[in-house]
Amino acid sequence: MIYICGDTHGEVDFDKLEILIKRKLSYKDILIILGDCGICWSKETFSYNLKLYNKLNCTVIYIDGNHENFDMLNGMPIVNLFGANVHKIDEHIFHVLRGEILNIDNISFLCMGGACSTDTMYRKENVSWWKQEEITDLDLSNAFKNLERYNNSIDYVLTHTIDSSVASVVLGKEKDICTEQLAKLQDIISYKYWLFGHYHIDKYVSLNKICLYNKVFEIYKDDFKVVND
C-alpha cells in the first residue's frame, strides 16, 4: 500500500504514524511525507531519527520542506527509485529531488519540495535555516522536463507549500517566491489530486487540493481514504 501524511518534524509529530506500526507493514509498503520530515536535521539527532523511522518497517520517501538541513541532504548519494532521482538516506529511507516523478504501482507522483520560512529572524543560516529551501527556476525546469513524458498529466502532485492563489485567497497567507513558482506549475499541468503540507492543518482547500498534517491517507490511483480518522 501507499500512504501519505503531512509534516513529521523528526520525533515531534511522529505519533500520527503509530497506526502504521500497528498495521505491521513490509518494505513493499510506501510512506510518503510531504516535507519537514526532519530526519536529516543535525548530526546529533540523525541516528536517533533513523531508528525511529525504521520502526515503521516500510519504505519511507519524503520531499523536502523548509525545515530541513540541506547540507546534510545534498551530501547523500543519489540513486534511482521508482523512476525518480532520490537521495538515499538509509537502506529504506529516501528523499526525492525536486521536479522528479515517482511511478509506484502505475500511480504517478510529481514531487516538488521547498517552501519559504516565515521565522528566519529566529534562526541561524546554515545551522537552523538554509537558503536552499526556496524553489528555483532550475527545480521547475526539471519538473517541466519530466512532465513531458506524461504529457503534463499526472495522478498526484505532492508539494510542501501551495500555489499563490490558494495560499493568499484560501489560507490568508502572504505570497512568496515559492508559492509563485508553484503557480507556474499549476498553469501547465492537469492532475487528479494535489496534496501538500506546511500549514499544520488538515483542510480541503478545493475539491482536489488538500492540505495534510495529522491525517494519514491510504492512496489509490483515483481515490484515497483516511486511515487514522
Does [Y] offer a backbone N or O that forms a donor-acceptor pair with the side chain of [X] under 3.5 Å?
{"X": "Tyr193", "Y": "Phe224", "result": "no"}
{"X": "Asn74", "Y": "Phe70", "result": "yes"}
{"X": "Asp105", "Y": "Ile107", "result": "no"}
{"X": "Asn151", "Y": "Ser153", "result": "no"}
{"X": "His160", "Y": "Leu34", "result": "yes"}
{"X": "Asp139", "Y": "Thr136", "result": "yes"}
{"X": "Asn49", "Y": "Gly10", "result": "no"}
{"X": "Lys88", "Y": "Ile78", "result": "no"}
{"X": "Asn69", "Y": "Met72", "result": "yes"}

Quiz item: Can Glu68 and Ile39 be said to form a side chain to side chain contact (heavy atoms under 4.5 Å, CB included), step by step?
Solution: CA-CA 8 Å; Glu68 314 280 4; Ile39 292 176; over 6 Å; no
Practice problem: Could you walk me through whether Val157 and Tyr191 pass side chain to side chain contact (heavy atoms under 4.5 Å, CB included), step by step? | Solution: CA-CA 7 Å; Val157 180; Tyr191 53 89; 3.8 Å; yes
Quiz prompt | Closest approach of Ile63 to Met112 (non-hydrogen atoms, all atoms of both residues) | solution = CD1-O, 4.2 Å
Self-check item: Over all atoms of both residues, closest heavy-atom pair of Thr45 and Ser42
Solution: OG1-OG, 2.9 Å
Quiz item: Parallel, tilted or perpendicular for Tyr27 and His92, by the 30°/60° rule?
Solution: parallel
Would you say [Y] and [X] are linked by a side-chain donor-acceptor pair, where the criterion is simply a distance under 3.5 Å?
{"X": "Thr161", "Y": "Thr179", "result": "no"}
{"X": "Asn142", "Y": "Glu100", "result": "yes"}
{"X": "Tyr53", "Y": "Glu11", "result": "no"}

Supply the atom-to-atom distance [X] [atom1] to [Y] [atom2], rounded to the nearest 0.5 angstrom.
{"X": "Ile189", "Y": "Lys184", "atom1": "CD1", "atom2": "NZ", "answer": "14.5 Å"}
{"X": "Leu81", "Y": "Phe94", "atom1": "CG", "atom2": "CZ", "answer": "5.0 Å"}
{"X": "Ile89", "Y": "Cys40", "atom1": "CD1", "atom2": "SG", "answer": "4.0 Å"}
{"X": "Asn66", "Y": "Asp7", "atom1": "CG", "atom2": "CG", "answer": "8.0 Å"}
{"X": "Ile135", "Y": "Leu140", "atom1": "CD1", "atom2": "CG", "answer": "7.0 Å"}
{"X": "Cys5", "Y": "Asn214", "atom1": "SG", "atom2": "CG", "answer": "9.5 Å"}

Exercise. Pick out which of Tyr156, Tyr150, Phe82, Tyr62 makes a ring pair (Phe, Tyr, Trp, His ring centres under 6.0 Å) with Phe109.
Key: Tyr156
Quiz item: Does the pair Glu218 and Val226 meet the rule for a side chain to side chain contact (heavy atoms under 4.5 Å, CB included), with working shown?
Solution: CA-CA 6 Å; Glu218 186 174 307; Val226 181; over 6 Å; no
Quiz item: Which is it for His198 and His67 under the ring-ring contact (aromatic ring centres under 6.0 Å, His included) test, yes or no, and what are the steps along the way?
Solution: CA-CA 10 Å; His198 188 49; His67 294 149; 7.7 Å; no
Quiz item: Would Trp194 and Val166 count as a side chain to side chain contact (heavy atoms under 4.5 Å, CB included) if you check the C-alpha gap in whole Å, the side-chain angles of each, and the deciding distance to 0.1 Å?
Solution: CA-CA 12 Å; Trp194 186 321; Val166 170; over 6 Å; no
Self-check item: Check ion pair Asp155-Lys192 (N to O, under 4.0 angstrom)
Solution: yes
Self-check item: Residue pairs fulfilling salt bridge (Lys or Arg N to Asp or Glu O under 4.0 Å) with at least one residue in residues 157-175, sequence neighbours excluded
Solution: Asp163-Lys209
